[in-house]
S.K.: 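Got a structure here, written out as structure tokens. Questions coming.
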Protein chains: 2
Amino acid sequence: MAASGSATEQKQRIPNATRTERTRTALVSAARELFAAKGFAETGTPEIVKAARVTRGALYHHFEGKTALFRAVIEAEAEAVARAIETRTTEPASARDALIDGANAFFDAMSVSGRARLLLIDGPATLGHEEMNRIDRATGGAELIEGLAYARDHGELRDLPIEPLADLLSAAFDRAALAIDAGEDAEAYRTAIARMIDALLERH
Amino acid sequence: MAASGSATEQKQRIPNATRTERTRTALVSAARELFAAKGFAETGTPEIVKAARVTRGALYHHFEGKTALFRAVIEAEAEAVARAIETRTTEPASARDALIDGANAFFDAMSVSGRARLLLIDGPATLGHEEMNRIDRATGGAELIEGLAYARDHGELRDLPIEPLADLLSAAFDRAALAIDAGEDAEAYRTAIARMIDALLERH
DNA sequence: AGATTGACATACATGCAGTATGTATATTTA
DNA sequence: TAAATATACATACTGCATGTATGTCAATCT
């Protein structure tokens with residue numbers, strides 16, 4: 001007899017799919033906070049699983065290891081940034097506006113607590129620049145190159161190899177986000193970025 | 001009796017000062033190569049002392065720990081870069097030339113094997129940006145700000161907060177050095193940097 | 001219903017950073 | 001110059017973290 005769910009016993013039957021999702025979410029979520037607060041090297045797996053209320057066995061069942069869990073965190077953050085930017089991108093009146101708007105959307109997205117550290121410090125250090133670039137491209141972080149290509153095609157940018165230029169500009173964006181995150185004057189950095197963009201584009 | 005150094009015994013008497021210097025040099029030198037090749041986290045102290053032909057006891061006698069040894073490596077590298085740049089700096093004909101020359105000297109100095117990784121990846125990740133800035137300033141890495149200040153004072157740069165601008169430009173320099181180190185087209189990046197500098201300066 | 005897979009939990013093996021302690025040599029002091 | 005002390009290590013030990021091997025129970029497939 002014994003119905004599979006009496007009012008007192010609550011021995012609820014949980015499907016594997018949701019179980020897995022809950023555990024993975026708990027791990028990624030707990031890991032994100034700890035990695036963001038203390039960094040990758042200074043955060044141990046015992047601490048992570050304790051915060052997530054699971055065991056280390058669960059962690060190693062769902063992820064190949066600590067680094068793989070970190071990668072999942074980074075991918076989620078990169079995804080969130082890409083979504084925030086593409087959501088806020090409207091019809092740009094010009095290449096200049098597109099770049100400025102994109103920069104501001106980027107800074108806003110990067111202002112989420114801990115995100116700058118995760119994506120710009122621990123990410124590259126732990127996964128390497130190569131894999132970070134792969135993740136960025138996979139989540140859709142090619143706006144900068146597109147913006148510069150648009151500008152070049154419309155005569156607003158002298159014909160130069162735009163990929164190195166986009167790379168350098170991207171580095172400046174990252175540094176600005178980091179500086180703002182570190183408490184520097186946000187307006188000063190946004191202005192400086194705008195200045196760089198304007199300088200690079202031809203005057204009309 | 002027994003002369004303190006027979007021809008066969010060679011029981012040479014070594015003063016503590018030189019002994020210390022030899023050991024420290026051997027440690028810093030061995031650590032530099034290993035950190036440069038495999039990174040800070042992937043290099044263990046047993047491996048370092050083996051390469052340096054000393055024991056871990058010696059390491060912990062001369063340095064507070066693995067991180068302190070790494071810091072010594074980084075300081076030496078930063079010092080070397082600063083020296084290389086200041087040595088090559090001649091009388092600049094203009095702010096533009098000074099910045100371009102400085103950039104090229106920087107890229108040349110950063111092309112020393114392993115240096116880009118040490119100073120631009122593992123350094124910031126292990127010691128933090130704040131301490132890296134401290135080290136840069138201590139070794140004399142203020143050329144960029146000086147160059148921009150000179151340009152502003154001579155009307156070649158619109159009056160804007162130059163510190164954020166110098167910071168962003170410095171980030172671009174770093175990224176370029178990293179890209180070149182990773183095997184990207186060095187000329188393309190040098191050109192892109194020159195383009196950025198020219199763009200930022202007023203046309204004459 | 002029985003067999004199999006999935007989702008863990010637990011125990012274990014290994015390696016490393018850091019510390020405590022012991023020893024021989026160099027340096028200082030009486 | 002002989003004794004006292006400080007220096008420069010070498011060795012042994014501790015604690016912790018990552019990763020692996022194995023065992024168990026519930027969910028799912030046949």
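Because the structure is predicted, anything quoted here is derived from the model rather than measured. These numbers come from the heavy atoms of this one structure, side chains and all, not from hydrogens, waters or symmetry mates. In the text below, chain A, chain B and the rest are named by the order of the sequence lines, each starting its count at 1.
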S.K.: Under 4.0 Å from any atom of DNA chain D, heavy atoms only: list the residues of residues 63-71 of chain B that qualify, in numerical order.
M.R.: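 Going residue by residue through residues 63-71 of chain B, none turns out to have a heavy atom under 4.0 Å of DNA chain D.
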S.K.: Is Arg83(B) paired with Glu79(B) through a side-chain N to carboxylate O contact shorter than 4.0 Å?
M.R.: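 Result for this pair is yes, salt bridge flagged.
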S.K.: Answer yes or no for Arg71(B) and Phe63(B): cation-pi contact, defined as NZ/CZ to six-membered ring centre under 6.0 Å and angle to ring axis within 45°.
M.R.: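 Arg71(B) over Phe63(B) ring: no.
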S.K.: Quick one: does Arg115(A)'s side chain have a donor or acceptor within less than 3.5 Å of a partner on Ala109(A)'s backbone?
M.R.: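 Answer holds: yes.
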S.K.: Where each residue is assigned the nucleotide of DNA chain C containing its nearest heavy atom, which of Pro15(B) and Tyr60(B) is assigned the position nearer the 5′ end?
M.R.: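 Taking each residue's closest nucleotide, the earlier one in sequence belongs to Tyr60(B).
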S.K.: Can you tell me if the side-chain N/O atoms of Thr45(B) get under 4.0 Å from OP1 or OP2 in dC16(C)?
M.R.: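 For dC16(C), neither OP1 nor OP2 has a side-chain N or O of Thr45(B) closer than 4.0 Å.
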S.K.: Do nucleotides 2-12 of chain C as a string where each nucleotide becomes B, S or -: B if the base has a protein heavy atom under 4.0 Å, S if just the sugar-phosphate does, - if no protein is that close.
M.R.: ----SBBBB--
S.K.: Would you check if the side chain of Thr18(B) reaches a backbone N or O of Pro15(B) as a donor-acceptor pair within less than 3.5 Å?
M.R.: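 Yes, the answer is positive, given that a donor and an acceptor are paired below the 3.5 Å cut-off.
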S.K.: State, with a plain yes or no, whether a side-chain heavy atom of Leu169(B) is found less than 4.5 Å away from one of Phe173(B).
M.R.: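 Of all side-chain heavy-atom pairs linking Phe173(B) with Leu169(B), at least one is under 4.5 Å.
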S.K.: What's the CZ-C1' distance between Arg13(A) and dC25(D), to the nearest Å?
M.R.: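 Arg13(A) atom CZ is separated from dC25(D) atom C1' by 14 Å.
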S.K.: Once the angle between the rings of Phe35(A) and Phe70(A) is folded into 0 to 90°, is it parallel (under 30°), tilted (30 to 60°) or perpendicular (over 60°)?
M.R.: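 If you compare the ring of Phe35(A) with that of Phe70(A), the planes turn out perpendicular.
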S.K.: Check whether any side-chain N or O of Lys66(A) sits under 3.5 Å from a backbone N or O of Thr43(A) as a donor-acceptor pair, and report yes or no.
M.R.: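 Confirmed, Lys66(A) side chain pairs with Thr43(A) backbone.
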S.K.: Would a distance-only check, ignoring hydrogens and angles, find a side-chain to backbone donor-acceptor pair under 3.5 Å from Lys50(B) to Thr55(B)?
M.R.: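 Here the side-chain-to-backbone pair does not exist.
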